Number of protein chains: 2
Amino acid sequence: MSTARYEQVKEHVLRRIASGALRVSDRVPSENELVSKLKVSRMTANRALRELAEEGYLVRVAGVGTFVAERRVHAHPLEVHNIADEVRARGHEYSCKVLKLAEIEADETIAARFGLAVGARLFQSLLLHYESSTPLQLEDRYVNALLVPGYLKVDFTRQTPHEYLMHQAPLHRAEHTVQAIVPDARIAKLLKLGPSEASLLVRRRTWSNDKLATIADLYYPGSRYELSGTFKP
Amino acid sequence: MSTARYEQVKEHVLRRIASGALRVSDRVPSENELVSKLKVSRMTANRALRELAEEGYLVRVAGVGTFVAERRVHAHPLEVHNIADEVRARGHEYSCKVLKLAEIEADETIAARFGLAVGARLFQSLLLHYESSTPLQLEDRYVNALLVPGYLKVDFTRQTPHEYLMHQAPLHRAEHTVQAIVPDARIAKLLKLGPSEASLLVRRRTWSNDKLATIADLYYPGSRYELSGTFKP
DNA sequence: AAGTGGTCTAGACCACGAA
DNA sequence: TCGTGGTCTAGACCACTTG
């Protein structure tokens, strides 16, 4: 089984952009040119260019041509970022306090979210991430002990879970939900929230090799954090 | 100019889901069945079903069939969707109440967000979108009167702003921020929120032809709405 | 064996924009 | 007028699942 032809065409165009052969606003080979150069049918060339345009890499104008799109300005808010990099990119000091780091057995709730049996071995970490001495994110994370056996030995004041996990179990898929909640007293205290301040809760599940590697509940102070992003159709 | 055939097929399937004729996990007509019933080619049926699957409405399994997807999670937070389609795809009834629809002059705040002069002509709509008689989204929208002159004449109980604007000023770029807030009393009442319930605020700015066409503040009940997204590296 | 989705082709017609 | 993207068709081959 080989890759689909339209995927090969997509990769061909992306490589030409990556190599610098095609730059922003350059004209990309037309469908007919791809037909003769790459020996594919026009429907195949069309699907390749259409999907690249949907994904934001190209801009197509009927009657004119296809062009390399401008680079997407901002990162997608639901991409998996390293919070330490984010903070430092804003020119602030990053630090982290480890509130909990332990092996646990999955109770019913966690087992259901993980799709594992009750009593399965898990590691849990509860970390508070600071931006220049202000709490920015409370991270409550559960990790599949079988996939990431060394998790308990990590010094999370020196290395974020993101950095460690990217090495141990590179993610293949991530799923997020975003909710607004009024946090309970414990969370409000940790995040130094005012009495009637909301919190943004991002629940993330991350898969590695089709196995659920980690679940993270990320709490942000509603007043001090915004997810943002740009979308091009 | 008529709508593309594959779009008609997509709408046909979405309508059958909306009407309840197709429920979650039901089998959707196969490509070959659509070919004979709707008199389209298989490539056209394929594109329709493939795109609906990409958009999360359907799940396809090679060798087995196409099925209505579970939709407990909601739209991708940073894509611009039609809320009526979303609600109907979940098999619920969509309705909309128009709370305000008027021409206004930009005050300082709005003028700054729009990048226009104070006193510029704008249209404002305040709409409450319902999912089966439960408020799902409060939409406070400002529209550039020069770009969309007919906005005040639209019957938003029959057509969402999304549907109308996609025709009048197709979006080229959208920018979002997502926040958690504790809403004021007016918003809480409209969304039928409990006393200590948070709200998700999505602020969206949409450009058409490099001109800022519309600004929308979208309020969701924190307890009844989740934004979700899947990320593949 | 029959049906499904996944893909690919060669050819076609259209509206549009540029020369 | 010519090239472009946008769409559509009829038919084909494949791998896979299910009865």
Side-chain angles (χ1 to χ4, degrees), chain A residues 1-14 16-17 22 25-70 210 232-233, chain B residues 1-14 16-17 22 25-70 166-172 208-210 232:
Chain A
M1 280 288 293
S2 61
T3 319
R5 301 286 284 267
Y6 74 89
E7 291 285 1
Q8 295 176 20
V9 176
K10 289 174 72 172
E11 282 167 20
H12 172 262
V13 174
L14 284 182
R16 295 200 55 187
I17 296 174
L22 289 173
S25 82
D26 279 358
R27 188 178 152 283
V28 168
S30 74
E31 297 183 359
N32 284 324
E33 288 166 347
L34 291 175
V35 166
S36 46
K37 281 182 195 165
L38 302 185
K39 309 296 181 195
V40 297
S41 76
R42 213 195 123 201
M43 281 297 281
T44 300
N46 173 270
R47 179 164 176 187
L49 295 185
R50 173 160 44 84
E51 292 196 355
L52 286 176
E54 277 169 12
E55 292 161 19
Y57 295 105
L58 305 178
V59 174
R60 314 199 77 189
V61 184
V64 182
T66 302
F67 306 89
V68 178
E70 277 183 44
D210 285 333
K232 290 179 188 175
Chain B
M1 283 285 293
S2 61
T3 318
R5 302 285 285 269
Y6 74 88
E7 290 286 0
Q8 295 176 20
V9 176
K10 289 174 71 173
E11 283 168 21
H12 172 262
V13 174
L14 283 182
R16 295 202 53 189
I17 297 174
L22 290 174
S25 82
D26 279 358
R27 188 178 151 282
V28 168
S30 73
E31 297 183 358
N32 284 323
E33 287 166 346
L34 290 175
V35 166
S36 48
K37 281 181 194 164
L38 302 185
K39 309 296 180 194
V40 296
S41 76
R42 214 196 122 200
M43 281 297 282
T44 301
N46 174 270
R47 178 163 178 187
L49 295 186
R50 174 162 41 86
E51 292 196 356
L52 286 175
E54 276 170 12
E55 293 161 19
Y57 294 108
L58 304 177
V59 173
R60 315 199 75 192
V61 183
V64 182
T66 302
F67 305 89
V68 178
E70 244 185 83
M166 285 298 269
H167 272 90
Q168 299 303 309
L171 71 91
H172 293 121
S208 183
N209 293 318
D210 285 332
K232 291 165 232 153

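Computed from a prediction, not measured in an experiment: that's the story for all the values here. Residue numbers begin at 1 in each chain, while the letters A, B, ... track the order of the sequences.
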Tell me the interatomic distance from B/Leu49, atom CG, to C/dT4, atom P, rounded to whole angstroms. 12 Å
If we count only N and O atoms by modelled type, under 3.5 Å, do the side chains of B/Arg50 and B/Asn46 hold a donor and an acceptor together? yes
With nearest nucleotides of DNA chain C determined for B/Glu31 and A/Ala62 from heavy-atom distances, which residue corresponds to the more 5′ nucleotide? B/Glu31
When you measure from the side chain of B/Glu33 to the backbone of B/Ser30, do you find a donor-acceptor pair of N or O atoms at a distance under 3.5 Å? yes
When the distance from CG of A/Leu52 to P of D/dG5 is rounded to whole Å, what number comes out? 13 Å
Closest nucleotide of DNA chain D for A/Arg50 versus for A/Gly65: which of these residues is on the 5' side? A/Gly65
Reckon B/Ser30 has a side-chain N or O less than 4.0 Å from the OP1 or OP2 of C/dG3? no
A/Leu58 CG - D/dT4 C1' separation (whole Å): 15 Å
In whole angstrom, give the distance that lies between atom CD of B/Glu51 and atom P of D/dG6. 12 Å
Gap between atoms CG and P, on B/Asn46 and D/dG11 respectively (whole Å): 17 Å
Considering only NZ, NE, NH1 and NH2 on the basic side and carboxylate oxygens on the acidic side, decide whether B/Glu31 and B/Arg60 come within less than 4.0 Å. yes
Check each residue of residues 37-44 of chain B for a non-hydrogen atom within less than 4.0 Å of any atom in DNA chain D, then write out the ones that pass by number, or none. B/Lys39, B/Val40, B/Ser41, B/Arg42, B/Met43, B/Thr44
How far does CZ of B/Arg47 sit from CE of B/Met43, to the nearest 0.5 angstrom? 9.0 Å
Rounded to the nearest 0.5 Å, what separation is found between the OG1 atom of B/Thr66 and the CG atom of B/Leu34? 8.5 Å
Gap between atom CD of B/Gln8 and atom OG1 of B/Thr44 - 0.5 Å precision: 10.5 Å
Rounding to a whole Å, what distance do you find between A/Asn32:CG and C/dA10:C1'? 12 Å
Within this structure, what is the CG-CZ distance for the pair A/Leu22 and A/Arg27, rounded to the nearest 0.5 Å? 10.0 Å
Between B/Arg60 (CZ) and D/dT17 (C1'), how many Å, whole number? 15 Å
Just how far, in rounded Å, is P of C/dT9 from CZ of A/Arg47? 12 Å
